[in-house]
Every structure is written in structure tokens, then in C-alpha cells.
> 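Below you'll find the structure I mean.
All of these numbers come straight from a predicted model, not from anything done at the bench. Letters go in sequence order (proteins before strands), and every chain restarts at 1.
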There are 2 protein chains.
Amino acid sequence: MATSDNDSPPVYREIADTLREEIRSGRLSDGARVPGENDLMKQYGVARATARQALSVLINEGIVVAIRGSGIYVRAFRPLRRHGPRRLSRALWGSGRAVWQADAPDGDFETDSIEVGEVPAPGYVAKALGLAEDTLVVRRHRRYRLGGRPMQLATSYLPAKLAAGTAIAEADTGPGGIYARLAELGRAPAHFTEEIRVRMPTPDEARELRLSPGTPVMDVLRTALTAEHEAVEFNEMTLDGSAYVLQYDFDA
Amino acid sequence: MATSDNDSPPVYREIADTLREEIRSGRLSDGARVPGENDLMKQYGVARATARQALSVLINEGIVVAIRGSGIYVRAFRPLRRHGPRRLSRALWGSGRAVWQADAPDGDFETDSIEVGEVPAPGYVAKALGLAEDTLVVRRHRRYRLGGRPMQLATSYLPAKLAAGTAIAEADTGPGGIYARLAELGRAPAHFTEEIRVRMPTPDEARELRLSPGTPVMDVLRTALTAEHEAVEFNEMTLDGSAYVLQYDFDA
DNA sequence: TAGTGGTCTAGACCACGGT
DNA sequence: CCGTGGTCTAGACCACTAT
């Protein structure tokens, strides 16, 4: 049989569906071993490629992970809650705590691979900051980890006119982070707007965030405005979609 | 050669990387035709399965779509902006417009496959509404389309004690939708909390939303509270990730 | 060393789309 | 009709993990 019966789903889909149901129902729980290629070949009497195709469906859905030389395992989802408004409350960074520390349940968030420099603003950055294209901006790129696990990449841009020569342009921005520094400059952020998109990661992002196949990322684009509605920061974040739940509270 | 040279990426990855760069750079633009299986076999001298594997990488990244009998094409991303706070302002549903109509640029949003009924509250719903598990709730499930294209699935739950026997339990809830009805019952929503997760869709969702492979979805879980902080609605939405950008504005 | 997943070849038949 | 992508078989060699 080169193909399956008329109008019935392809074999690899039926195998994938069966396995998915095993997982969804909890008969195969988090971390449990899933039947591998050889098992499926025997159980269903299919060729190697067909068994692989079935497994690749589940891998691309992000519900199982393949570990080379070992087997296929059910994947868990234990996200971190990132509370939009609360984490950016003035009280927080006013108290010397950096914004991103609010997300950590036990404060073991770390940053690494920090790059700081001045660059001409790309078009969308200039637009967000209300500047002419190619105006100089301070660019801060870093990666955040929690317990060694990479969680997000972030790049923020601030007008060089404002930030150049200040601690904002240093690797270590001091207590309270860049928002505390902006406040000292008389430009305390008062309003924020965050924009969220989902997509599959680029291979570079997948490597930097150590994403397993089938994991989407969230892009969070935040613009910080002063009380006078002057844009003082644009922050472009890429979050591991399997690691975060975002929360926003607001009134009618 | 059964495999590629030592430590170099597999052939299918190199082909995928090349094509991805063609797309990223704009040499292949939105909607353009991408070299197909037969093209890749000739150009790179590889077997069918290898060419397919290269293309499947891009398909799973959501950057190309395969059209049977026709070819492979670069995919476009033109999302709708869904503005969290603004769309739920009291002025809106107070004026007889339903909440979801706020998202449509030209008002041609439609709902279909509406199901309304009373069910025992599942655990997470009961928790969100502050009810005991299995307390009766009114359940409203529907699908939203824009210009014929399915955009999101939504299921809302309201305490049956509140909503049973009212227009809320009807397919057509009347002008202003369920929020206007809640206001008439003296339970106008005053606070909202939205929670956002991202993941790959289930096959059912992919079918209902007509998602092409490689498209993630966003889950938006919203709880509506009265001024007295009584939970009056829990709404579980699943959005086509390629169709939406979410926006939230808030103050420091 | 035995077993696992990862890559690849060389074929085959099918369903669908546009000419 | 021919070319496209979709499914499937039957092999092969490799790299890695666990024992």
C-alpha cells in the first residue's frame, strides 16, 4: 500500500493522533517516555520514515522532545508569570530593584551577554521614539536567564541625546536600572505601551534561547513615555513562549 | 555520502538556511514562489526526501506555505491590532456596540458557530470565577471571522445564577452584548485581567482557524470583575497568531 | 555494545492545480 | 495532461546515550 484508504487520514497522522491523545489524557504524563521510532515500526507495521513523520508532528507541536540516543519524552509546561503593569510600577524601580527582577519567583534572575553601544536608529525604532531615522540612539542588548536557563532576549533603545554619557550607556546601570536613571534625568517613565506578537523563532533565537523544536516565541515591544508623553525608551524583547505567561490588568 | 562532512550542518539545514536568507533579505518577497522539491533536487543534487526536509523546516517556521499541485510560496504577515484596554472601555459597549466589533478596521467582523448552554464549571473556570467546582455556568462558544477568514475561537463562562434566563443565555445577546446585559443586572464589568500564553495549535484548532502549518496561537484568558471585585465572566480565547498583534497601555 | 534518534538515498503511487 | 506537493517503503550509515 503506497497510501492509505480513500479519505482516511494518512497513517502518520493517525499514529500522531493516538499518541497525542495518550498524552492529553494523562496516560503519558510529563516527562514520561513515549514510544520511539522502533516501537512504532513494530506496533503499527510501518516504515522508519513513517514512524519518524508521526513523531515529527508531535515534536513540531512542542508536546514532546526527542533526546538523541535516549528516546522521546513528554514535555512539561511550567511558565513564569510576567505581570505587565505591576512589574513596571514606580514603586518597584524607585526602590532600587530592577524591573526584570520582579519576574523572578526567588530572585535568581541573571543577565548575560550584555552589549552596549551607540547606533543610528533603525526605522521602526525611530518611529517608536518619535525621532528622525538614523538619529543616534543608545542600544542595550542582553539576555536574561533564570537558574541557568535562557528565558528572553532584550534590546532597548534610548535617544543618545538623553542617555549618552550617563550610566544608561554603561554595562551596569546601577540600582533601579535605566528607569531610575531616567527619573534622575527628569524623564521618569509614566506611561507604557506594550505590543505582543507570536511567531516561530529564527534558528539563531532558537539557539540563544535553547528552544526545543515546536516552541514559539513572543515578541514584546514596549515604549516608555514620560508624563509629558515624550518617548524615552523602546524595548524589543523576545521571550521563550514555553517559559512565560503574560498578565495585564486594566479597568473598563 | 550518507551524511555530510564532519561538524558541518546537515545538507537539509544548509538548503533551508539559504532559502530563509533569500526570503529575509527580500530577494524572495511576500507571495513569491520558492524553489520546489524538484528544483532543489536538481540544484543541490539531493534526494527527494532531503529537499522535502529542507522545505519542511521553513514550513514549520511559518515563513512559507505549500500549495498542493502548485508550489511553495513566501508567506505574508499582516496582523490586526487588538487593543486591550481601549476595546473594553465602558463607552464602547455602553453605546450598543459589541466589544469584538472594536477590533475590526471596517466593521465586517462576523460571528458563527455559536453554541450556548449550561454546564458544570470545569476546575480552572470555577477558580477564575470564584465558584465551587461544578457549579452551573452559562457557556457561550463562538468563532469570529473577518472577511470570511476565521480569526479566533472564544468560550465565555458566566455564573448561571446570574445569567440563566437572561439574554446572556440566548444566541443573540442584543445591543452592546453580554457586558451591556451585565450592566443592566447591576453587575457592570469594571476591572479586567488578561492572561496570555502562546503555543502551537491542536489539529482541531488548526482546522477551525484554517491555520497553515507553523502558525502558533495565542490563548487570551480574560476575567471580568465588577467594581466590587466580583468575577462575572471568564473568557477563554484562542487567536490565530498570524492574524493578531495585542496592545496594552498602562501607567507606571 | 546495543539501542536510540538524525540524516540520506532511490525508488513508488497518489491527489490536486493549472494548462 | 503534466508538474506540483503528500504519503510511503526499504534500505543505509552516523552520532549519541546508556549499560
> With a 4.0 Å limit, can you tell me whether Arg48(B) has a side-chain N or O closer than that to the phosphate oxygens OP1/OP2 of dA10(C)?
no

> Indicate the atoms forming the closest heavy-atom contact of Tyr144(A) with Ala154(A), along with that distance.
CE1-CB, 3.8 Å

> Measure from CD on Glu37(B) to C1' on dT7(D) and round the result to the nearest Å.
11 Å

> Is it true that a side-chain atom of Arg139(B) and a backbone atom of Glu115(B) form a donor plus acceptor pair closer than 3.5 Å?
no

> For Val116(A), does its backbone N or O pair with a side-chain atom of Arg142(A) as donor and acceptor, under 3.5 Å?
no

> Both Lys42(A) and Arg13(B) contact DNA chain C. Taking the nearest nucleotide for each, which residue is further toward the 5' end?
Lys42(A)

> What is the distance, rounded to the nearest whole Å, between atom CG of Leu40(B) and atom C1' of dT4(D)?
13 Å

> Quick check on dG3(D): is either OP1 or OP2 less than 4.0 Å from any side-chain nitrogen or oxygen of Asn38(B)?
no

> Please say which of Arg75(A), Arg210(A), Glu205(A) ends up in a side-chain hydrogen bond (donor to acceptor under 3.5 Å, both in side chains) with Thr215(A).
Arg75(A)

> Roughly how far, to the nearest 0.5 Å, is the CZ atom of Arg140(A) from the CG atom of Leu158(A)?
8.5 Å

> May I have the distance from Tyr44(A) (atom OH) to dT7(D) (atom C1'), rounded to whole angstrom?
18 Å

> Could you walk me through whether Tyr244(A) and Gln152(A) satisfy the side-chain hydrogen bond (donor to acceptor under 3.5 Å, both in side chains) test, starting with their C-alpha distance in whole Å, then the side-chain angles of each, then the deciding distance to 0.1 Å, before giving a yes or no?
CA-CA 10 Å; Tyr244(A) 278 101; Gln152(A) 79 173 75; 3.2 Å; yes

> Give me the residues of residues 56-76 of chain A where at least one heavy atom lies under 4.0 Å from an atom of DNA chain C, by number, or none.
Ala66(A), Ile67(A), Arg68(A), Gly69(A), Ser70(A), Gly71(A), Ile72(A)

> The side chain of Tyr12(B) is closest to which nucleotide in this list: dC8(C), dT9(C), dC8(D)?
dC8(C)

> How many Å lie between CD on Gln53(A) and C1' on dC8(D), as a whole number?
8 Å

> What class does the angle between the rings of Tyr124(A) and Phe234(A) fall in, given that below 30° is parallel, 30 to 60° is tilted and above 60° is perpendicular?
perpendicular

> At under 4.0 Å, does any side-chain N or O of Thr50(A) touch on OP1 or OP2 of dT9(D)?
yes

> For Arg33(B), report the nucleic acid contact type (base, sugar-phosphate, nothing); a contact means any heavy atom under 4.0 Å.
sugar-phosphate

> Whole angstroms only, please: what is the CG-P distance between Leu55(B) and dT7(D)?
14 Å

> Would you kindly give the CE-to-P distance between Met41(B) and dG11(C), to the nearest whole Å?
10 Å

